[in-house]
Amino acid sequence: MKQKVSIPLLKDHHNHPSFYALFKDCLNLQEIKDKRKALQMAQSLDRDRISVVLGWNTGFYSFSEEELNRFPPVIIVNLSLHSFIINAPAEAELKKKYPDIIANYKDPSWYEAHFSRMLIFLADMVEPTEQKIKTLFDSLYEKGVYYAEDMLLTGEKAYSIINSSPYRGRTAFWADLATFKILNPGVQRGVKGIKLFADGALGAGTAALDIPYNNGKKAGLLHTDDELFRQMQEVAILGKGVSVHAIGDKALFQVVRTMRKLKSGGISFPEVRMEHCQFINEKTAHEAKELGIILSMQPNFSDDSTVYRDRLPAQYLEQNNPFRMLIDKAGFVPGKDLIFGSDGMPHGMKTALQTSLFPPFPQQRLTLDEFIAGYCMPDKSYGAMEIEIDDSSGVRVCIFGSIS
Ligand SMILES: [Zn+2]
C-alpha cells in the first residue's frame, strides 16, 4: 500500500546544535575507509593549531604511535564520541590548560564519568561563528528539521551567537552543572535546564543493564544513589528543569527511585525528563508515569537492536525502545509525556520516519499519528514535508516534496 501525505517539519527534542555546528566542516573520517587516504588527509591539517577530526571508525583502521605523531597537532575522535586519541604535539600543548584531562582521557571509565566535559573540551578547540551556526541550522531545515533542542550548551559564545540570530526560536538550551556554574547570570536565566548522566552508552558497553553484556562484562551506574540525589537536589535549588541521561534498565530504575525520594522530601522541578530510556521496563515505566517524568526517546535507536546484536543479551534486543508498552500499557502520550528526537545520529526526517514506522521489532513501532504528535511542530506554518510511505518496497519512506 502506498500513502502520500504532507506532515509538519520535525521538532527534534534531543540534539546538539551548538556542538555539531562547530564541527560541521572539520575533517570527518566517517566515509574514509582507506587508511592511506586518511593518513594523507591528516598530514594536511593545520600545523599551527590543534585540529579536531571526527568520525574515526576503529573497525576500519587504527594509527600507530609513529603515524600519529607525524601528524600536525590533532585530536582524533571515535565515531561514537565516547573516546578519542591525542598525538604528542597536541598533548604537549594541551597539558598546560587541561592537565587532568591529559592525565586521564585514556581511561575508558574516567572518560565515561566525564562525558559531557569531554564534549565541552572538544568544543573548546573550535571557535563558534555566526556562519557555522547558520550552516548547521540551514542544513537541518533542508533535512526537514525546524527545531533542534540543544542538550549540551558548549559555552557562552555559542549561546550569544544563537540567541541574537534568527535561529533563537529553533532551539532551547540544556547545560551540564559544571558549565552552568560558570555562565554569566543572563545566560543562566536563558538556560532551560540541567543535563545529568546516570549511565554511559551502548556503543561503549557502558549503559547500565541489569545483566552482563555478551562479553561477560557488567556496566555500573555512574553515581551512587546519594550522589545522584545531591546533584538533582542542586538542580532543584537552581529552579531549573532536570534531564537525566539513562539508557539501561538499572540506570532508569535509579533515576525513578531517586525522583521518588526527592518528591517525598518535597523537592520539585519545573520539568523532569529522562533521555533515551531504551531499556525501560514496565514497572519502571508505570512509576515514571506516576511521578510525571517525561520520556525523551530516539526512534532511530531502535536500530541498535540490529547494530548491537553482538553485545546485547538476546532478550534486550526485543526490549529496546518499547514504544507499544509505554503507550498502550503505561499510558504515555506522544507529544505530552513521550517526546522524540534524534541525538543527530543522523539528523533528519527520513531516518526518523523510517525507524518509527518500520523498526526491527513490532513493539518499537509508532503510528504516523503518534509520530506527528511526539516528533513534529504543532502545525505546518513552520514548513511541511511530503512523504511517501510504501509498505511493500525496500525504501518505505521517501521524501519527495520540498519545504514550503
Ligand atoms: Zn545527546
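We count ligands from 1, going down the list as the structure has it; atoms in each ligand are counted the same way.
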Do Glu149 and Arg273 sit within salt-bridge range, that is, some charged N less than 4.0 Å from a carboxylate O? yes
Number of protein N/O/S atoms that sit closer than 2.8 Å to the Zn ion (ligand 1): 3
Scan Arg260, Lys283, Lys263 and name whichever one has a salt bridge (charged side-chain N to carboxylate O under 4.0 Å, His left out) with Glu290. Arg260
Hey, what do you get for CG (Asp249) to CD (Gln319), rounding to the nearest 0.5 Å? 7.5 Å
With salt bridge (charged side-chain N to carboxylate O under 4.0 Å, His left out) as the test, would you mind laying out the steps for Glu127 and Lys157 before giving the verdict? CA-CA 9 Å; Glu127 202 44 24; Lys157 180 140 191 226; 2.6 Å; yes
Can you run down the side chain to side chain donor-acceptor pair (under 3.5 Å) pairs that involve residues 326-341, sequence neighbours left out, and say none if there aren't any? Lys289-Asp337, Arg324-Asp328
What verdict does the side chain to side chain donor-acceptor pair (under 3.5 Å) test give for Gln278 and Asn321, after you've listed the backbone C-alpha separation in whole Å, the side-chain angles of each residue and the deciding distance to 0.1 Å? CA-CA 5 Å; Gln278 283 175 258; Asn321 274 354; 4.9 Å; no
